[in-house]
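One structure is given here, and the rest of the page talks about it.
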2 protein chains.
Amino acid sequence: MHASPVEVSLQAALDALSDPIRRRIVRELAGVPDWSRPCGTFSHLPVAKSTLSHHFAVLRGVGLLEQRDEGPRRLNRLRRPEFDDRFPGLLPLILTEPEDRP
Amino acid sequence: MHASPVEVSLQAALDALSDPIRRRIVRELAGVPDWSRPCGTFSHLPVAKSTLSHHFAVLRGVGLLEQRDEGPRRLNRLRRPEFDDRFPGLLPLILTEPEDRP
DNA sequence: TGTAGTGTTCCATCTCGATCGAACAGTTTA
DNA sequence: TAAACTGTTCGATCGAGATGGAACACTACA
């Protein structure tokens with residue numbers, strides 16, 4: 001887990017980003033400072049807690065996300081520069097995507 | 001069918017490009033002049049003829065591909081500038097991807 | 001201690017899309 | 001006309017991944 005974007009294939013990156021829930025996670029993380037949002041603050045997303053945990057694991061697996069333990073919670077950071085370097089242009093497409101409801 | 005890239009969602013574009021066979025089609029078309037390759041010249045890809053036809057339909061559906069009848073065959077053109085305009089940076093990622101075998 | 005909160009793991013279900021073969025439609029040529 | 005070629009459509013199968021609930025591990029705090 002916690003792969004570096006450098007070692008990630010385009011296939012894996014596209015698989016990870018083709019899920020709308022994961023793109024919402026990425027967008028929300030892009031809008032806040034690093035290490036400011038634990039996983040629990042994403043409970044408004046319309047999926048179960050275990051499913052959310054799965055999505056975070058996928059994002060970690062492609063190097064889009066970094067997580068750090070702080071007490072009982074797990075803080076998140078978007079590895080934006082690293083990912084931009086590996087897949088230039090891809091993240092901006094996700095971040096400018098209009099939100100879909102709910 | 002034959003949607004314009006302008007009216008295509010990022011979701012649809014990512015769905016279309018997350019398939020490795022479709023990315024190979026896109027790459028091969030990018031390497032030849034417009035209208036120079038009929039669908040039949042993709043029979044080296046490791047899928048059945050009907051599956052290939054399905055992939056072409058998906059690529060048409062997201063505006064990546066334009067097809068034109070010429071007698072019994074169907075010539076293809078990559079709608080590169082239109083797609084680049086709608087999803088800047090995405091097509092270059094696909095075109096620079098290393099080929100996977102077979 | 002124990003209780004609450006956070007996140008993961010396990011397991012089962014289910015949906016969607018890739019796949020293929022066969023039949024079909026259209027075009028060209030014999 | 002028939003035969004060959006090109007591509008699509010149809011119906012069915014199959015597998016990968018999203019999903020949710022329950023149990024679990026860990027931390028913090030009463």
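Just so it is clear, the structure is predicted and the values come from calculations on it, not from any experiment. Order of the sequence lines fixes the chain letters, A, B, ..., with proteins taken first and strands second; residue numbering starts at 1 for each chain.
With rounding to the nearest 0.5 Å, the separation of CD in A:E97 from CG in B:L14 is 7.5 Å. Summarising the geometry, atom CZ belonging to A:R37 is positioned 11.5 Å from atom CG belonging to A:L75; distances are rounded to the nearest 0.5 Å. B:F83 CZ to B:L17 CG: the interatomic distance, rounded to the nearest 0.5 Å, is 5.0 Å.
Ring geometry for A:H44 against A:F42 counts as parallel: the plane angle stays under 30°, on a 0 to 90° scale with 60° as the upper cut.
A close approach under 4.0 Å does occur between a side-chain nitrogen or oxygen of A:Q67 and OP1 or OP2 of C:dT8. One finds no side-chain N or O of A:R74 lying less than 4.0 angstrom from the OP1 or OP2 phosphate oxygen of D:dT27. Look at A:R60 and you'll find a side-chain N or O under 4.0 angstrom from OP1 or OP2 of C:dT8.
Evaluation of the side-chain contact (heavy atoms from CB on, under 4.5 Å) rule for B:P20 yields A:Q11, B:R23, B:D100 as partners, not counting sequence neighbours. Residues passing the side-chain contact (heavy atoms from CB on, under 4.5 Å) test with B:H55 are B:D19, B:I21, B:R22, B:I25, B:T51, sequence neighbours excluded. The side-chain hydrogen bond (donor to acceptor under 3.5 Å, both in side chains) search around A:R86 returns none, not counting sequence neighbours.
Hydrophobic clustering of Ile, Leu, Val, Met, Phe, Trp and Tyr side chains at less than 4.5 Å, counting indirect connections, unites B:V26 with B:V47.
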Review point. What string of B, S and - do you get for nucleotides 25-30 of chain C, 5' to 3', if B is base contact, S is sugar-phosphate-only contact and - is no contact with any protein heavy atom under 4.0 Å?
Key: --SS--
Review point. When you check every protein heavy atom under 4.0 Å of nucleotides 15-20 of chain C, what one-letter string (B, S, -) results, 5' to 3'?
Key: ---SBB
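The distance between atom CZ of A:R37 and atom P of C:dT6, rounded to the nearest whole Å, is 14 Å. Between the CZ atom of A:F42 and the C1' atom of C:dT8 there is a distance of 17 Å, given to the nearest Å. Rounding to whole angstrom units, CZ of residue A:F56 and C1' of C:dT6 are separated by 12 Å. We find that CG of A:L52 is positioned 9 Å from P of C:dG7, with the value rounded to whole Å. Atom pair B:R68:CZ and D:dT6:C1' shows a separation of 16 Å (rounding to whole Å applied). If you take CG of A:L75 and P of D:dT27, they are 15 Å apart, rounded to a whole angstrom.
B:D34 contributes no side-chain N or O that, together with a main-chain N or O of B:R77, makes up a donor-acceptor pair within less than 3.5 Å. In this structure, B:S9 contributes its side chain and B:A12 its backbone to a donor-acceptor pair below 3.5 Å.
Between B:V6 and B:E82 there is no side-chain heavy-atom pair separated by less than 4.5 Å.
For the helix from C:dT1-D:dA30 to C:dA30-D:dT1, the angle separating the two terminal helix axes comes to 10°, with each axis derived from five pairs and the value rounded to 10°.
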